Amino acid sequence: MLEKRLIGVITVKDGWAVQSIGYRRHRPLGRPEVIAENLDRWGVDEILLQCIDRDAQGGGPDLALLERLCRRGLSTPLVYAGGVRSVSDGVRAVQAGAERIGIDALLHDDPHLAAELAEPLGAQALIAVLPLSVHNGALAWLDHRSRLSTPLAPALLDVLASGAISEVLLVDWQHEGVHEGFDERLLALWPMPTQPLIAFGGLSEPSQLRGVLERPNVVAAAVGNFLNHREHAVQRLKQSLAGLPLRAATHAPLDPARAWS
Amino acid sequence: MRYCLRCLQPDTRPNTRFSDAGICPACDYVDAVRGVDWQERIDILTDLFASRRRKPGQFHDCIIGVSGGKDSTRQALWVRDKFDVNPLLVCLGYPPEQATDRGMHNLSNLIDLGFDVLVSQPAPATWRTLKRQGFERFTNSFRSTELALFSAVPQIALRYGIDLILWGENPALQLGDLKTLGKTGYDGNNLRHMNTLSSGLQWMLDAGHERRQLLPYVYPQPEEFDALGLQIIYLGWFLGDWSLVNNAMHSCAQGLEIRTDGVADTGDLFGVTALDEDFTPINQMIKYFKFGFGRTTDYVNEEIRLGRMSRERGIELVEQHDHACSPDYIARYCDYLGIGVDAFWRQVHAATNRTLFDIDGDGRIHRRFQVGVGL
Amino acid sequence: MAALMHCRRCLYTSAHPLGLMLDAEGICSGCRVHEEKDRLDWAERWQRLESLLAPYRSRSGETYDCIVPVSGAGDSHYIVHLVKQRLGLNPLLVTYNKYFNTSLGIRNLANLRIRFDCDLIQQNVNPHAVKKITRATLRDFGSDYWHCLAGQTVFPVQTAVRYRIPLILWGAHQGLEQVGMYSHEDEVEMTRRHRQDHDLMGREADDLPTMFDTLKESDIWQYRYPDDAALSAIGVRGVYLGNYVRWDPKAQHEQMIERCGYRTAAFARTFDTYDHVDCWNYMDLHDVLKLHKHGYSKVTDHACREIRHGRLTRAQGLALVRRHEQAAPQHLDKFCEWLGLDRSGLGFLLDRHRNPRWWREAETGRWAFAGASTTAGEAAGVTMPPASAVFEANDVLAHDGIDGYITIGKGHP
Amino acid sequence: MSGARLTIGVVDYGAGNLASVARAITGLGHRCRVTRDTETLAAADAIVLPGVGAFPAAMASLHEHGLVDFLRQQARSGQPLIGICLGMQLLADMSLEHRLTAGLGLIPGRVRPLAGARWHIGWNTIEIDPEDALLSPSDGQSLYFNHAYAFDTPPPYCIGVSRLADAFTVAVRRGKVVGLQFHPEKSQLAGRLLLKNVIEGLCRA
């Protein structure tokens with residue numbers, strides 16, 4: 001059967017992997033490629049590499065970083081997000097090694113252009129990254145550049161309804177980095193029941209993950225900061241989510257990729 | 001008390017048996033091995049090493065217990081450089097107060113010769129208390145430390161999953177256990193049942209130590225050996241020229257630093273034993289007062305057996321030095337144990353074998369037996 | 001290359017090799033996490049540590065309660081004091097032989113063993129492999145210290161697996177203390193990823209041998225991290241005491257000097273006399289390489305720590321950095337003799353690892369320094385630091401007169 | 001590493017990421033040639049046809065580089081050919097993705113949108129025909145999928161299925177031409193073992 005997914009998020013600022021708290025404060029973590037290699041060995045189901053400062057660097061995906069990751073021989077599916085402003089940006093990111101592409105700023109600027117990415121890549125390769133919060137009982141959609149939140153734009157909902165973008169990453173950006181912070185109202189208030197969702201932001205405890213993954217339209221849960229505080233954090237989470245349709249945790253024996261046969 | 005007719009070994013060594021012809025087991029062994037085909041034994045060892053497969057990612061083939069002294073330095077080099085076998089060397093390190101700079105130099109020398117060495121160093125204060133309690137109870141402060149020395153190698157073999165231990169000389173040789181001649185002569189697996197030694201913990205627990213302080217003194221259970229399929233081999237069975245002096249020559253040619261204090265202070269004829277600490281001379285002296293033979297006798301016996309010394313010359317040296325132990329070493333020993341020198345001598349006198357020795361008014365100890373003749 | 005930004009409170013820059021983030025007020029992530037030291041309730045955090053460690057106390061007395069990595073310097077005395085005397089645990093001490101040992105370091109380690117009466121096991125990797133590795137790491141990424149860092153961060157973990165002792169207790173987390181990598185409240189634990197990423201500059205043992213050099217698996221295998229299956233089977237965990245104790249190395253060292261006989265020595269390249277007295281290289285060749293690669297050296301780490309603890313102003317710290325940073329190394333000959341190098345060859349290797357961001361070769365052989373301290377602001381007319389900021393040296397590196405590397409030493413009296 | 005090192009050609013026709021596939025192959029200890037040069041590909045022990053994105057664009061690109069006839073000829077001559085994801089679909093007679101487009105026609109059948117689901121994303125278990133020696137060791141394993149179209153093929157050529165609403169083909173085989181709908185190069189240990197069995201099984205059969 002098709003399993004739900006635990007996604008490991010690597011947030012990158014100035015080429016450095018960071019812990020990000022509330023889309024505002026950052027703490028240095030290390031080299032993105034080393035963290036990716038570690039998540040790969042831990043058996044996470046997908047890796048989301050999100051570069052949060054591409055606009056400051058003049059836009060465009062960080063192709064050099066993608067190639068650096070690929071050279072390490074990652075055997076885990078990779079989603080890239082950050083600075084994808086055009087169809088060619090998306091195609092080049094896939095060429096550089098990403099299986100799928102996350103789109104954030106472009107959805108604010110031109111959702112229909114975002115939909116055009118589906119033609120060369122296929123809708124299954126696209127994820128809409130939506131930083132949301134609850135404002136007066138309704139969902140508010142953040143543009144991280146201006147730091148202004150607005151209601152969900154009709155144009156965005158039309159593109160999603162058209163099926164041009166397969167999954168939506170709901171980011172509880174206010175609770176990012178906050179223990180047990182994820183606000184499940186984001187899922188409850190989401191207007192499109194058949195849209196596959198990924199929950200992210202403040203998910204630190206197994207009970208939370210079980211809560212979101214038990215929802216039929218939630219296909220994956222993403223964890224970033226909290227995977228960096230303990231050895232085998234992915235396996236530990238998966239073991240405590242026994243009973244859910246998740247790929248089993250594995251503790252690799254002598255590192256096969258490196259073992260000198 | 002009788003002496004071996006050929007060498008100067010008295011029959012007072014615990015559970016040793018002389019032959020009907022009045023010859024000690026060690027002299028019998030020298031005769032017995034004259035006809036041995038040593039090349040056949042070397043082939044056995046070569047096949048044994050060749051039959052072993054390394055686990056992936058594991059590059060230690062066996063473990064050798066070392067002190068950095070003459071025997072272990074020779075064994076390590078022989079095994080590595082002749083058979084291309086990569087041993088993990090395991091050393092039971094003396095605490096800083098007891099260790100000598102010479103011992104540190106020799107261990108450094110062994111490491112610099114290119115070996116992987118694991119040094120296990122038991123807690124110094126517990127070590128010191130156990131030595132004092134051992135001296136007070138058995139007039140032998142080495143009861144605890146011998147157990148630690150003996151336990152370190154199997155403990156580490158079991159924990160590192162290395163299933164071959166190489167020891168030096170088969171101790172049965174000294175006890176007249178003539179099995180040592182046959183194929184089982186190199187099989188040291190009886191060592192797995194040395195848990196009689198582990199009962200050696202009881203007196204330490206009775207002396208007030210907690211179990212958790214005695215972990216370096218715990219000799220593994222036989223079941224643990226079997227679970228790993230641990231094999232124990234005596235290299236002495238293969239090394240036909242194994243001897244105290246010969247091993248010293250091999251090791252001195254590889255950088256060994258030896259004692260320079262002379263036989264008058266230690267009873268040690270050439271100064272090539274007890275290089276890593278200075279309490280052994282005291283223990284050898286006490287052994288002399290208990291059993292009538294000391295460190296000088298051990299040296300002299302080997303020289304006589306190898307035909308390098310007459311029995312008469314041996315007698316002279318034993319009479320002169322077998323009891324030798326410099327007062328300075330005794331003072332330092334007492335200081336380390338925290339006892340007075342007079343308390344030390346009271347304890348030694350109490351343990352002195354009165355059939356072999358008389359103690360005169362001012363505490364001097366005199367032989368009642370005649371060296372080489374007996375009682 | 002992103003523009004170089006300086007923290008307004010300490011002396012670190014955005015080019016710190018562990019990463020450093022500056023917030024809107026220009027204060028770095030390291031200084032922000034340091035503020036927690038005066039905000040958190042450390043009595044409560046000590047209780048958290050006690051309850052966290054409770055299940056690891058061996059009731060049977062058949063095994064040790066934990067493993068504590070130690071050396072002849074660093075925070076070893078204070079850590080063993082915490083573990084044995086305040087926590088009442090029965091630790092197995094483990095140490096990796098760096099071979100660059102000073103006799104003062106040998107003496108301090110012996111003092112540690114005697115004072116706290118602990119069992120210790122020491123790993124000595126055969127020097128043939130250690131030297132082959134050191135030549136490669138010095139050549140390929142300008143590190144004379146990879147083997148030390150790799151050995152001392154893996155031998156405790158290997159021992160945990162072999163001796164089936166799951167708990168390893170470390171001092172403070174370097175990433176947290178220097179650059180605020182984590183909050184104390186994250187209670188971050190030991191991970192293989194952090195070791196590879198930072199302690200080992202991104203290179204694990206298997207990354208060293210290449211097609212074009214002579215390193216073999218038999219040279220590097222002892223530096224491999226245990227595999228996940230073994231770590232998981234034993235339940236190995238590395239806990240940092242610095243997350244539960246208000247970590248202040250200077251105060252801790254002074255407590256250990258006074259009560260436990262820890263001995264210290266002065267250095268040319270820093271004012272701190274407590275750290276690294278066990279190694280001829282750390283404050284000498286290694287520190288010069290750090291300056292070449294990263295444009296700052298250990299004295300800046302010490303200054304930042306003291307500034308954050310309020311014992312130095314930023315200007316005083318900067319003055320101390322400028323006084324020590326260019327002091328000539330004094331023990332290069334020892335390293336050359338140990339590794340069989342010629343001084344000229346070592347010089348060539350050192351120069352190849354000067355980072356052009358901090359060094360310009362105006363004319364051949366003449367290097368102009370443009371490191372962090374040169375653009376960190378003014379330090380002129382600075383008053384000398386108060387008595388509380390003074391570090392005492394009660395001994396010398398050649399403690400018993402031996403002015404060279406000691407492989408194995410007595411260390412007593 | 002059992003047996004001698006093989007040389008595997010990976011067809012570079014400008015579609016999708018080749019580095020991951022190449023890295024997976026070298027990780028198994030084999031040599032890898034990423035190229036569009038027909039001579040190099042023909043000399044290889046096996047050819048891998050990767051592919052990400054849309055069917056029509058991929059076929060257009062193969063035609064442009066003169067690879068369509070070459071691949072047909074090599075497959076018919078018995079050289080092992082392994083199609084991965086879109087590369088599997090290209091083996092079909094035709095595809096309905098976007099517009100009707102002819103495929104390589106190496107394995108009968110056609111590619112059409114998934115039934116009962118808009119796409120198939122994530123890890124899903126595969127059910128393998130026990131007769132197939134190459135893939136049966138991977139029966140029940142979870143592999144990574146990321147596609148929206150499926151390859152309908154007559155039963156003898158279908159050697160593996162997965163399920164969403166209902167079952168659909170995820171592995172095809174005809175002689176030494178094999179197609180895999182999932183990404184073995186992105187399926188961690190399960191993927192590594194499967195790729196090893198397929199490559200070495202085909203080349204050493």
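Worth saying up front: this structure is predicted, and the values here are computed from it rather than measured. In what follows, chains carry the letters A, B, and so on, assigned in the order in which the sequence lines appear, proteins first and then strands, with residues in each chain numbered from 1.
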Q: Run the side-chain contact (heavy atoms from CB on, under 4.5 Å) check on C:Thr191 and A:Arg230 step by step: do they pass?
A: CA-CA 7 Å; C:Thr191 62; A:Arg230 292 282 289 276; 6.0 Å; no
Q: Quick test of your reading of the model: are A:Arg41 and C:Asp228 salt-bridged, counting only N-O distances below 4.0 Å?
A: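 Yes, A:Arg41 and C:Asp228 are salt-bridged.
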Q: Given a strict heavy-atom distance threshold of 4.5 Å, which part of C:Pro226 is in contact with chain A: side chain, backbone, both, or neither?
A: neither
Q: Write down the atom of A:Pro253, the atom of C:Ala229, and the distance for their closest heavy-atom approach.
A: CA-CB, 4.0 Å
Q: Give me the atom names and distance for the closest heavy-atom approach of A:Gly30 to C:Asp197.
A: CA-OD2, 3.3 Å
Q: Using non-hydrogen atoms and a 4.5 Å limit, figure out which bit of C:Ser14 sits close to chain A: side chain, backbone, both or neither.
A: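 Neither part, no heavy atoms under 4.5 Å.
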Q: Name the option with the most non-hydrogen atom pairs under 4.5 Å to chain A; the candidates are C:Arg237, C:His194, C:Met190, C:Glu185.
A: C:Arg237
Q: At a 4.5 Å cut-off on heavy atoms, which part of C:Val33 comes close to chain A: side chain, backbone, both, or neither?
A: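 Just the side chain, heavy atoms under 4.5 Å.
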Q: If every non-hydrogen atom of A:Pro28 is compared with every non-hydrogen atom of C:Gly180, which pair is closest and at what distance?
A: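 Scanning both residues completely, I find the closest heavy atoms to be CD-O, 4.0 Å.
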Q: So what's closer than 4.5 Å to chain C heavy atoms on A:His26: side chain, backbone, both or neither?
A: both
Q: Can you tell me which portion of A:Asn228 sits under 4.5 Å from chain C's heavy atoms? Options are side chain, backbone, both or neither.
A: both
Q: With a 4.5 Å heavy-atom cut-off, do A:Leu29 and C:Arg193 have their side chains touching?
A: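 A:Leu29 vs C:Arg193: side chains touch.
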Q: Which atom pair, heavy atoms only, marks the closest approach of C:Asp227 to A:Ala252?
A: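 Looks like CB-O, 3.8 Å.
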Q: If we define contacts as heavy-atom pairs under 4.5 Å, which of C:Val188, C:Asp186, C:Asp23 has the most with chain A?
A: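 Option with the top pair count is C:Asp186.
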Q: Verify, without hydrogens or angle tests, whether A:Arg27 (side chain) and C:Tyr182 (backbone) share a donor-acceptor contact under 3.5 angstrom.
A: no
Q: Any donor and acceptor pair, going by atom type alone, linking the side chain of A:Gln19 with main-chain N or O of C:Met181 inside 3.5 Å?
A: yes
